[in-house]
**Q** 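Here's a structure for you.
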Amino acid sequence: MTCPPRILVLPPRLTASARTLRATALRRGLRIVEATASAVPEGLGSPGWAGWPEGAKWPEGEGPDGSPGYTQGTRGAGSAESTGCTGSDGHAVHLHAGPSFADVVAPALGIALLEAPADWLARLPRALTQRDVRAMTIGEAYRLRRPAFVKSPNDKSISALVYADGSRLPGPDAVDPATVVLVSDVMTFAVEYRLHLLDGAVHAAGQYAEAGRLRLGPPDGEALAFGQDVLAAAGETLPSAIVVDVGRDDEGRWAVIEANAAWASGCYSADPDRALETVLRAAGPATALSPHDRDFVR
């Protein structure tokens, strides 16, 4: 049986990295579905979704078929890329987007979004972080009386910054005090790398920063080796597809910086084909989830 090509759903505004993955997906025969800015708040049944393949069905009867102003059609050519037909029409739907867009679209399309547990970084051994990292509510973090690096575990709701103390964090009028944040000692990295992890291996990698500034480059052998050390020590605590950022400080110490959802992460200088493969696994049909990955759905 020949399966239809996979579908990759993209948000209204594309980053440079998203454009790279879009071009890679098209070259590999995936169909691209893009939303206009008005489509997301108005819902999946509204005009503004372009590229949905003719005959493909939206879950539970939702979708733009017959909607005024909707443009049907397909994008991309070449052989279909598929790991097996999914759904009554055979289309497997995937997504690459930020959390706000993904949280609206993924449930309606039957997409399971994989991410690391909120406290994953805090549970790593000190040998892998080289600093104290704790998961706590932002209400607890208000009591900090020292500089600390504070961020949201899996999205950007709390800006990732060094805060002079807890009083500088967004207040309870802006953030629910029960919101979980990661609080860590301040650590400066000389060079930083993004590792795209797939099925217990470093599948793609590349440098993205040097001395705190964007600087793209090839993967470093030591970074790849450290990534394998992380997987050996904590691979079972991660989904099968995830992005982990690592860095080396001026003293030569390697440390995990953070874990990010692959479906929401830029590929920077990594091999776009291999980065795309990580994205497709990280945001794909819920019906295709492995038993291991069921514990890591957002």
Side-chain angles (χ1 to χ4, degrees), residues 11-15 17-18 35 37-43 95-108 111-124 126 128-189 192 194 208-209 212 214 234 237-239 242-247 255-266 282-283 295-298:
R13 289 173 293 279
L14 302 184
T15 62
S17 180
S38 63
V40 178
E42 292 179 6
L95 178 146
H96 177 64
S100 297
F101 180 93
D103 286 343
V104 172
V105 173
I111 297 173
L113 303 172
L114 301 182
E115 65 182 10
D119 63 347
W120 180 78
L121 188 65
R123 290 192 283 113
L124 288 180
R126 181 86 177 225
L128 295 179
T129 63
Q130 302 295 336
R131 63 200 187 280
D132 181 64
V133 183
R134 301 184 184 184
M136 63 181 71
T137 66
I138 195 169
E140 294 172 309
Y142 290 149
R143 298 197 288 269
L144 288 171
R145 293 297 176 263
R146 59 177 175 81
F149 182 79
V150 183
K151 68 180 293 290
S152 299
N154 285 314
D155 56 41
K156 308 296 183 185
S157 59
I158 306 297
S159 297
L161 296 170
V162 175
Y163 294 87
D165 57 46
S167 68
R168 305 300 179 91
L169 289 164
D173 57 329
V175 181
D176 184 342
T179 300
V180 175
V181 294
L182 292 174
V183 177
S184 68
D185 295 336
V186 179
M187 185 173 181
T188 302
F189 293 95
E192 300 170 46
R194 173 152 293 175
Y208 67 88
L214 182 68
T237 63
L238 289 169
I242 194 75
V243 161
V244 172
D245 294 341
V246 302
V256 175
I257 299 172
E258 62 182 355
N260 291 296
W263 46 267
S265 298
D295 292 333
F296 300 98
V297 176
R298 179 177 174 87

**Q** Determine whether Trp120 and Val244 make a side-chain contact, defined as any pair of heavy atoms from C-beta on separated by less than 4.5 Å.
**A** yes
**Q** Please give me the minimum heavy-atom distance between Arg131 and Ile257, naming the atom from each residue.
**A** NH2-O, 3.1 Å
**Q** Quick check: does any side chain N or O of Asp185 sit under 3.5 Å from a backbone N or O of Asp132, one acting as donor and the other as acceptor?
**A** yes
**Q** Where is the tightest heavy-atom contact between Ala283 and Trp263, given as atom of each residue plus distance?
**A** CB-CB, 3.6 Å
**Q** How far apart are the closest heavy atoms of Phe296 and Thr237, and which atoms are they?
**A** CE2-O, 3.3 Å
**Q** Considering all heavy atoms of both residues, which atom of Ala255 and which atom of Met187 are nearest to each other, and what is their separation?
**A** CB-CE, 3.9 Å
**Q** How close do Ile158 and Tyr163 get, heavy atom to heavy atom, and via which atoms?
**A** CG2-OH, 4.1 Å
**Q** Could you check whether any side-chain heavy atom of Leu121 comes within less than 4.5 Å of a side-chain heavy atom of Lys151, counting everything from C-beta outward?
**A** no
**Q** Can a donor-acceptor pair be found, under 3.5 Å and without considering hydrogens, that links the side chain of Tyr142 to the backbone of Pro170?
**A** yes
**Q** Would you say the side chain of Val150 lies within less than 4.5 Å of the side chain of Ile138, judging by non-hydrogen atoms?
**A** no
**Q** So, for Pro153 and Val180, which heavy atoms are closest and what is the spacing to 0.1 Å?
**A** CD-O, 3.3 Å
**Q** Go through the structure and list residues passing salt bridge (charged side-chain N to carboxylate O under 4.0 Å, His left out) with Asp176, not counting sequence neighbours.
**A** none
**Q** Just so I know, are the side chains of Leu114 and Val297 near enough to count as touching, which here means a heavy-atom distance under 4.5 Å?
**A** yes
**Q** Could I get the full list of side-chain contact (heavy atoms from CB on, under 4.5 Å) partners for Ala209, not counting sequence neighbours?
**A** Glu192
**Q** Can a donor-acceptor pair be found, under 3.5 Å and without considering hydrogens, that links the side chain of Asn154 to the backbone of Ala116?
**A** yes
